[in-house]
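Encoded as structure tokens, the structure appears first; notes follow it.
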Amino acid sequence: MPDSFLDDLTAAQREAVTHVDGPLLVLAGPGSGKTRVITFRIVHLLRHGVRPWQILALTFTNKAAGEMKQRVDRLAPDNRVWISTFHSLGVRLLRHYADRLGLDRNFTIYDQADRVRMVKSAIESCGIDNVRFTPETIQTAISKAKNQLLLPARYAAKANDFFSQVVAQVYAAYEKKMRDANALDFDDLLLWPALALQNDAELRAELDARFRYVLVDEYQDTNQAQYEIAKGLSQDFPNLCVVGDPDQSIYKWRGADLRNILDFEKDFPNARVVTLTENFRSTKAILAAADGLIAHNVKRKAKTLVTANQAGKPVATLLFETGVDEAEQIAARIQAELAAGRRHYRDFAVLVRITALTRGLETAFLRQRVPFQIVRGLAFFERKENKDVLAYLRLLLNPRDDISFLRIVNEPARGIGKTSLDHLQRYAEPRQLSLHDAAVAVEKIPEIKGKAAAGLRNFIRLMHDLRSLLEHAPDEVIRAVLERSGYLEALAASDDREDEDRVGNVKELITAAHQFHQEDPNRTLADFLENITLASDVDSWDDKQNCVAVMTLHAAKGLEFPVVYLLACEQGILPHERSLNQDEELEEERRLAFVGMTRAKEELYLTHCRLREFRGQTNYQIPSMFLDELPASVAFEDLSASGSGGPKALDRWRSGLATASRGWYETGEFAARSAATKPRAAAATADAAVYREGMLVQHETYGVGRVTSVTGHGALRKVKIHFRQSGERTFLADKARLTVVAKE
DNA sequence: ATCCAGTACGTTTTT
DNA sequence: CGTACTGGAT
């Protein structure tokens, strides 16, 4: 069969694609056709007699895996190549080899929030009170340990400062609780397979032989556990192909270890190395700017990026007066491009360092009617009502899941309060019982009686009844949960307007489950839950919609857009303040900026502003040090004078500042309370008293909405308003620009 | 047991 | 500026 599909490749790409046996390292700069190389190489292997099930391709996000699958399918239909994320592979292996590893096959996967609760509970059971470390801090330390394959015993042995000793103690208790709850966290999904490959020679050999050709995408972001997995699967059949770019490593904070890619040639001495430097994505201008920036990283193998593309428009930095101007003017510029017929909405991406910055964009885009999609955490599944329903499902599948038990045992209210739950826990703990099993034996707990005991009995009966439905389609199980638990009824009976939305959301959850089942009827309820927990934010990104993309720099990795705005290039934001004191962290921030810049194909704008309101404070911003590092070819535009607030806003702020705070400049305290809030408060109090629940009001951005609640007094009086489009919003009564439409 | 209001707290990036 | 928890009132 002629390999005509190779014709369009460059010499370097072809070298990587046609490499069959032995280790291969592909160093691929941005836009150098990395994904293409991986997919083509898979197809090439298939055409040269490698059996599909002998190939394993690993990615970091489901979206990347899905896209790769699609592209391989197009060239080689009906293949059965295993393409998945590291975490999905981990789950599959752990469920398959559960017995051998001493795990219960029905384990629940705990997400970030669950883990923190678990750490909290572990801290309590260690009897550590008055800890000055937050559960989150300790959780991060545990996660880091797991990424380095350190189990509690080995971690404790190495703990030689107070913090690590506290962590060691909590870590051990946490692990015990996780086993008792039959739960695994995200890190376990990599840690357990990695340890199994290290310790079980037979298992390792079996898997190594099964997966003879292993490909790893974004190798620069692998942590030690992932490294051990890739290595373990490539000993007897060392056909490991890794693809990555050290300059795009942006997950150090999650345990990624750059040494994995830098030392690949040491680990596999006979490895072939192919470097892809030709960029097919960006203009010369964009590439030169990005290249100029990344050259400032010291710990780096230098590599020059080249492109045969056009010179293109100059890259520009744009200065605005305030963050509001920044958002408004970007929206206006996008609308102008559309009006001129030069672009579609989907041509634009606005990238931010921190999710909090998407808020201002949302307001501006809504106001100027720019369609947009914000790629951020799966807000839908994180809503209370959906989490509640999911907790029911998790408890049905895994009765030992105490976190889920606590979440729903009194949801809807069954008369089971804190006191009763304390008794239940005090009964369960010494007997090594799960809360669920303790509740089964509620008769034996004399402290729990009356309404609480009846409530627990009802709850246990409910779970028992529901469990008989587990074999049904996921959406049917959810419907049964909602109806038999009285959850839906309680929502319907409530006169809280928020609960109306909740009904809608929960119904949407049923739809999601239904679709999931339709796509592949073999998939079970457990698969549905797993899918939700392992989903990432980028997965929800729909590139077919004609919308402006708003997302974090991390989420943007691997994507490309004709026009990119990189927002808030200011000290403290990009680079982030937590990185300012450490060189290594600072280099990662620079790589993050590099990733953002290289997403652009034709136009790139780096924006910053003088004043930014952030967490309720207005700060003077210092331009990002990265802006100074850009080559001289980058243009500088000061758009601050033409902004809606203009320099007047600055003056207003300054004059207010004179009374609010003194000597801010001298002390280096750039943070100062917004001057606007105080003087205005007194004048507007009279108006603020006007709002009443049930009123219809008009807001200049969100349109007409209904007042759902009014709380607080004077300047702190708040109105909660429900808008059809944007949901619930809260405003300070005397600050919000509202007009009353109807009093009832 | 439940509800609400007031307060303390912490705010990067995510499988 | 939010959210999450606590402590008081019902």
Side-chain angles (χ1 to χ4, degrees), chain A residues 58-65 84-91 109-113 115-117 120 134-137 140 143 146-147 184-191 218 221-223 225-226 249-256 351-357 359-360 375-378 382 384 410 412-421 450-452 455 496 530-539 551-557 568 572-580 585 588-589 591-592 595-596 613-618 673-674 677 709 711-713 716 718 729-732 735:
Chain A
L58 294 171
T59 63
F60 276 81
T61 65
N62 298 295
K63 186 179 158 61
S84 83
T85 64
F86 269 103
H87 289 84
S88 309
L89 170 75
V91 177
I109 304 167
Y110 274 3
D111 67 17
Q112 201 55 46
R115 297 176 77 166
V116 171
R117 278 162 188 267
K120 237 180 232 171
T134 65
E136 284 81 7
T137 318
T140 308
S143 177
K146 288 191 171 192
N147 286 329
L184 295 180
D185 60 34
F186 286 133
D187 300 319
D188 287 330
L189 303 180
L190 305 174
L191 169 79
E218 309 281 11
D221 285 329
T222 49
N223 61 31
Q226 288 159 327
S249 164
I250 54 176
Y251 283 101
K252 181 173 182 277
W253 53 275
R254 221 173 75 189
L351 308 182
V352 294
R353 174 65 180 86
I354 47 178
T355 25
L357 292 176
R359 235 200 204 119
V375 183
R376 72 150 88 85
L378 292 174
E382 279 159 19
K384 182 191 178 303
N410 201 34
R414 298 185 176 90
I416 306 162
K418 198 182 171 312
T419 323
S420 305
L421 287 176
K451 212 164 70 174
D496 189 343
E530 191 174 297
N531 209 274
I532 291 171
T533 340
L534 292 183
S536 74
D537 60 342
V538 237
D539 297 341
M551 62 180 89
T552 65
L553 289 166
H554 284 88
K557 192 171 71 165
I573 296 181
L574 180 65
H576 191 269
E577 57 182 333
R578 304 247 300 233
S579 72
L580 289 175
E585 311 268 321
E588 177 143 318
E589 295 289 310
R591 290 195 292 268
L592 207 41
V595 167
E613 192 178 336
F614 193 49
R615 303 202 288 251
Q617 295 202 316
T618 303
R673 197 160 294 137
S674 164
T677 51
S709 75
T711 50
H713 302 283
L716 290 175
K718 285 177 193 162
R729 302 266 164 182
T730 309
F731 304 94
L732 277 177
K735 271 189 89 180

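In what follows, every chain begins at residue 1, and chains take the letters A, B, ... in the order their sequences are listed.
- Summarising the geometry, the separation between CG on A:L421 and C1' on B:dT2 is reported as 13 Å, rounded to the nearest angstrom.
- As judged by a 4.0 angstrom heavy-atom cut-off over every strand, A:A356 is placed among residues making no nucleic acid contact.
- Remark: P of C:dG2 and CD of A:E613 are 10 Å apart, rounded to the nearest angstrom.
- If you take NZ of A:K120 and C1' of C:dC5, they are 8 Å apart, rounded to a whole angstrom.
- Distance from the side chain of A:W253 is smallest to B:dT14 among B:dT11, B:dT14, C:dC5.
- Nucleic acid contact class of A:E136 (heavy atoms, under 4.0 Å, all strands): none.
- Residue-level contact check: A:S579 touches neither bases nor backbone, having no heavy atom under 4.0 Å from any strand.
- Side-chain proximity of A:T134 to the nucleotides C:dC5, B:dG10, B:dT14 is greatest for B:dG10.
- Atom pair A:I354:CD1 and B:dT14:P shows a separation of 12 Å (rounding to whole Å applied).
- No contact: A:S88 has no heavy atom under 4.0 Å from any strand.
- For the side chain to side chain contact (heavy atoms under 4.5 Å, CB included) test with A:L553, the passing option among A:I354, A:V595, A:V352, A:L574 is A:L574; the others fail.
- Contact annotation for A:K252: no contact, since no heavy-atom pair falls under 4.0 Å across all strands.
- Listed nucleotides B:dA1, B:dT2, B:dT14 differ in distance to A:A413; the shortest reach to its side chain belongs to B:dT2.
- Nearest nucleotide to the A:N410 side chain, out of B:dT2, B:dA1, C:dC5: B:dT2.
- Checked options A:E585, A:E589, A:E588; the residue passing with A:P575 is A:E589 (criterion: side chain to side chain contact (heavy atoms under 4.5 Å, CB included)).
- Not counting sequence neighbours, the partners of A:Y251 by the ring-ring contact (aromatic ring centres under 6.0 Å, His included) test are A:W253, A:H554.
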